Amino acid sequence: MPITSALSFFTSFAPVVLLKVMASCPKEDIPNMKELLLEQNFYLTTEEGEQGRLPFLVLSMKETNKKKRPAIVFLHSTNKCKEWLRPLLQAYASRGYIAVAIDSRYHGERATNMTTYRDALISSWKKGDTMPFIYDTVWDLIKLADYLTEREDSDSSRIGITGESLGGMHAWFAAFADTRYSVVVPINGVQGFRWAIEHDRWQGRVDSIKDVFEEACSDLGKNEIDKEVVEKVWDRIAPGLASQFDSPYTVPVIAPRPLLILNGEEDPRCPIAGLDIPTSSVCKACADADCPLNFKVIAQAGVGHQMTPLMVNEASNWFDRLLKV
């Protein structure tokens, strides 16, 4: 499938309701916004091979002065792409940010057909040749931080990162791996993978990429997906995800950098009860660093696995409070 067709596939996965949610993001009322908005499309080489070509989109306002501005990286969910995030990018750009979005591995321009991501997950299970679920994109985000720290108009001390669902996990792990991401807002992305296995609450997350678990189930000679299958898949496609890199160990590492976790209270993919341990650890770390206001968890009542206007606005307020000087 041509790349243009693959991009059409990803952008078609943007339901009107989600576009309206993103459009609720606060923005400056600028009459000649179109003329003043600068759009840049770049590529970084993060490693050898086809997936090592990282496409990213940057929106910012044209400025005559040389003042450095904060930058925020936005990360899309499964079966979306960087273009899907345009309403958020435009809103943040209007407010003086350098707004950046990437195509995660096997999505957007990095997909050659409608099953590229699915095929990569299955290949990872069978061959262990890639880590498409989280880690490979996190590597790209480390290299993107290199670019942002060198960009003339960006302030290297003020780089934020946020994302929704899969993008929320990418934001969480990128911030754990790279301290240059100084303000962090994962949306519907932080969970306890080990907690979910131990409490039989893994089904929601598994269903989001079910094909690879069904393939593993067959390979392991099982009649249905169970805890053993889930653990083996995580260990194969994202080693350490349910052990030393799980939320109780990696989320506290982000502290005392400002961290806002936004989840739905009824989210089956990110059960809020699984965050008790990391939440306690982060609270202690921020208190010890004398910055207790640098951490907050909002679990929106009655909401499942979806981004809402409240989440969009809370994220916006968080970044404005902590990145604007």
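Please read these numbers as outputs of a predicted model, since none were measured by experiment.
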Between [X] and [Y], is any pair of side-chain heavy atoms under 4.5 Å apart?
X: Ser154; Y: Arg69; value: no
X: Asp235; Y: Leu241; value: no
X: Leu148; Y: Ser156; value: no
X: Ser182; Y: Leu323; value: yes
X: Ser124; Y: Phe133; value: no

Query raised in the report: Just checking, any donor-acceptor pair under 3.5 angstrom between side chains of His170 and Ser104?
Result: no

**Report entry** Asp200 and Trp202 side chains, donor-acceptor separation under 3.5 Å
**Finding:** yes

Pairs satisfying salt bridge (charged side-chain N to carboxylate O under 4.0 Å, His left out), at least one member in [range], at least two apart:
range: residues 39-61; value: Glu39-Arg86, Glu47-Arg105
range: residues 275-287; value: Lys284-Asp288
range: residues 172-187; value: Asp146-Arg180, Asp178-Arg180

Acceptor/donor pairs from residues 185-192 side chains to any protein atom, 3.5 angstrom cut, sequence neighbours excluded:
from, atom 1, to, atom 2, distance (Å)
Asn188, OD1, Gly264, N, 3.4
Asn188, ND2, Gln306, O, 2.8
Gln191, OE1, Arg205, NE, 2.9

Query raised in the report: Can you name the ring pair (Phe, Tyr, Trp, His ring centres under 6.0 Å) partners of Phe74, sequence neighbours left out?
Result: Tyr92

Query raised in the report: Considering residues at least two apart in sequence or located in another chain, which fulfil the ring pair (Phe, Tyr, Trp, His ring centres under 6.0 Å) criterion with Phe213?
Result: Trp234

Partners passing salt bridge (charged side-chain N to carboxylate O under 4.0 Å, His left out) against [X] (at least two apart in sequence or in another chain):
X: Arg236; answer: none
X: Arg151; answer: Asp153
X: Arg118; answer: Asp211
X: Lys126; answer: Glu215, Asp219

Query raised in the report: Is Ser165 reaching over with its side chain to a backbone N or O of Ser77, donor-acceptor style, under 3.5 angstrom?
Result: no

Other residues, nucleotides, ligands: >12 heavy atoms within 6.0 Å of [X] [atom1]:
X: Tyr147; atom1: OH; answer: yes
X: Trp139; atom1: CH2; answer: no
X: Ile209; atom1: CD1; answer: yes
X: Lys67; atom1: NZ; answer: no
X: Asn223; atom1: CG; answer: no
X: Gln244; atom1: CD; answer: yes

Query - Passing option when Asp103 is tested against Arg110, Lys80, Lys82 for side chain to side chain donor-acceptor pair (under 3.5 Å) - result: Lys82

Report task. Just do the side-chain contact (heavy atoms from CB on, under 4.5 Å) check on Thr116 and His107 with the steps written out, would you? Result -> CA-CA 8 Å; Thr116 301; His107 287 75; over 6 Å; no

Can you give each donor-acceptor pair under 3.5 Å made by side-chain atoms of residues 30-37, sequence neighbours left out, with the distance rounded to 0.1 Å?
none

Report summary line: By side chain to side chain donor-acceptor pair (under 3.5 Å), Ser280 pairs with (sequence neighbours left out) none

